[in-house]
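All remarks here apply to the structure that follows.
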Amino acid sequence: MEVISHFFRELVNKILTEFGWSSEVIGSLNRWVVLLFIILFALFVDLIIRIGLLRLMRQIVSRTKATWDDHIFDKKVMRHLCNFITPTIIYVLLPIAFSTTDGSNDGWHIILKRGVEIYMVIACVRFVNVLLKVSFEVAEQRPAWQGKPIKGLMQTGQGIVIGIGVILIVSILINKSPALLLTGLGASAAVLMLIFKDSILGLVAGVQLSANNMLKVGDWISLPKRGVDGEVEEVSLTTIKVRAWDKTLQTLPPYLLISEPFDNWQAMRQSGGRRIKRSLNIDMTSIRFADSEFIDKLSKSEISRSLIEHISTQSAEGEMLTNLDLFMRGINDYLLHHPRINPNMTVMVRQLQPSEWGLPIEIYCFSADVNWIPYENLQTEIISYVIAVAPLFNLRMYQAPSSLDIRQRE
C-alpha cells in the first residue's frame, strides 16, 4: 500500500508541476487530488459492473423457468447490491491518499473513513430491506402463504435490520464496539420497551396470528365490543385494517385480536352453509287438538295439503296431536325440501320458553348460499311463508297491540 501511495503521489506531483503549481500548493492539494482520482476510479468500476452485471443477470434469469428469480434478481435489487461497490473501493484505496510517513492517520483520514463506513452500513441496510420485501412478495404468490398476515413479519425483519444498522452507525461515530453499545442498551431496556410497546406487542401478536392461522387478508371478522365488522384488507406490524360493510376503513392494533375474543366468519364461508335462526311468537289461545275434521280441512287447501302430505298426521297411541304439532312438522318438511337450504346441516323447528308474548317457534337451518344478499332474501322468503301459512292451521301470530287494534276495540 505504501508503494502504491508513493507512486500516486509522485504522479500527481509531476502533473501539477507541469501545470506550474508551486510546491507548497502541491503539498496541500496532493492528497485531495489523489482522493479525487480514487473516487473517479471507484465510480468508473461501479458503472462497468452495473452495466455488465445487470445485463448478465437479466440474460440468466430470462432463461430459467422459475419465477422467483425474476423478483430476487430484479433490477432494483441488483442496483442496491451494486451500491456496495463505490464505498468499498474508496474504503480500500483511502489510505493511498492519506497515508503518512510514520504510518499514523490524520484527522481527515479518520473522518472520511468513518463516513465511508457509515455509507456502507446504510447501503447494506437498504439492500437487506429490499431483499426482504422481494422475498415476501415471492412468498405471497405461493398458495400456502396467500392471504396470510406475513406483512407484519416482513416489517419486523426490516425493523430488526434497521435497529442493527443504527447500532453500527452509532458505534462507528463514537468509535466503540457494538457489543459495548448493546450492553449499555440493556440497562435502558425498560425505556425502550415503553417507547416501542406497540411494535413489540404487534410483533408477538403477528407471530401468534400467523402461526395459529387465526387471521388472513380477506377474512370477515367482527368485534362487537369494538364496533368492528368487515373484511380484513391489511395486516401489518402495528395495524390491522378492516373494510367495514358501510365502506369505512377501521383500524385496530394486532394485539387486540389476541387479548380480546373476535369472530372469524371465514370458516362459515368455507363450510357451505350460513345459519338462519329466527323465531315467531304463536298466540297460545289459538292452539287446538287436531281432530279428523281439522285434518280433512287441511287436505282441501292446496298449500296446507302440500305441507302435511309427507308427514305423519297420526298420533301415537294414547296421544293427541295439535294444530301446532302439524304446523311445526309441515314447516320442518318444507325446509328439508327447500332447494336453497343445505340438507347436510341441521334443519329444525322447535319451541322455546313460553312468555307473556306467546309461544316462540324457532326456525333453525342453514342457507346453502353464504353470500349476504341471497342469504337475507332466503330468510325473508321463509319467514313470510311461515306467517302466511299459519292461519291455514288456525294459528295466530302474536304481536303487541297497535294503535289500529285499540281504535277497533273502541
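M328 approaches I361 most closely through the heavy-atom pair SD-CD1, 3.9 Å.
The line from CD of E260 to NZ of K225 is 4.5 Å long, rounded to the nearest 0.5 Å. We find the CZ-CD distance between R243 and E233 to be 4.5 Å, quoted to the nearest 0.5 Å.
Checking side-chain atoms of N323 against main-chain N and O of F393 turns up a donor-acceptor pair under 3.5 Å. D325 contributes a side-chain N or O that, together with a main-chain N or O of T322, makes up a donor-acceptor pair within less than 3.5 Å. Judged purely by atom type and a 3.5 angstrom limit, N377 uses its side chain to pair as donor or acceptor with the backbone of I373. With hydrogens and angles disregarded, no donor-acceptor distance shorter than 3.5 Å links the side chain of Q266 to the backbone of I221. Judged purely by atom type and a 3.5 angstrom limit, N342 uses its side chain to pair as donor or acceptor with the backbone of G272. In this structure, the side chain of S384 does not engage the main chain of E381 through any donor-acceptor pair within 3.5 Å.
The 12-atom threshold is exceeded at CZ of F262, counting heavy atoms of other residues, nucleotides or ligands nearer than 6.0 Å. No more than 12 heavy atoms of other residues, nucleotides or ligands lie within 6.0 Å of CD1 in I303, so this atom counts as exposed by the packing criterion. Applying the 6.0 Å contact sphere to CZ of R269 captures more than 12 heavy atoms from other residues, nucleotides or ligands.
Contacts of F41 classified as ring-ring contact (aromatic ring centres under 6.0 Å, His included), with partners at least two apart in sequence or in another chain: none. Applying the side-chain hydrogen bond (donor to acceptor under 3.5 Å, both in side chains) rule to T248 yields the partners D246; only residues at least two apart in sequence or on another chain are considered.
Below 30°, between 30° and 60°, or above 60°: for Y385 and Y334 the angle between ring planes is below 30°, a parallel geometry.
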What verdict does the side-chain contact (heavy atoms from CB on, under 4.5 Å) test give for L257 and L223, after you've listed the backbone C-alpha separation in whole Å, the side-chain angles of each residue and the deciding distance to 0.1 Å? CA-CA 9 Å; L257 299 183; L223 286 82; 3.7 Å; yes
Does the pair L324 and F327 meet the rule for a side-chain contact (heavy atoms from CB on, under 4.5 Å), with working shown? CA-CA 5 Å; L324 182 59; F327 174 72; 4.2 Å; yes
Pair V386-L280, side-chain contact (heavy atoms from CB on, under 4.5 Å): steps then yes or no: CA-CA 9 Å; V386 171; L280 297 166; 3.6 Å; yes
Determine, stepwise, if the pair E362 / R278 fulfils side-chain contact (heavy atoms from CB on, under 4.5 Å). CA-CA 6 Å; E362 185 181 74; R278 301 285 290 272; over 6 Å; no
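Cation-pi geometry between R274 and Y375 is satisfied (NZ or CZ under 6.0 Å from the ring centre, within 45° of the ring normal).
Side chain to side chain, W220 and D263 fail the donor-acceptor criterion of an N or O pair below 3.5 Å. Between the side chains of N264 and D219, at least one donor N or O lies within less than 3.5 Å of an accepting N or O. For S367 and D369, the side-chain atoms include no donor-acceptor pair closer than 3.5 Å.
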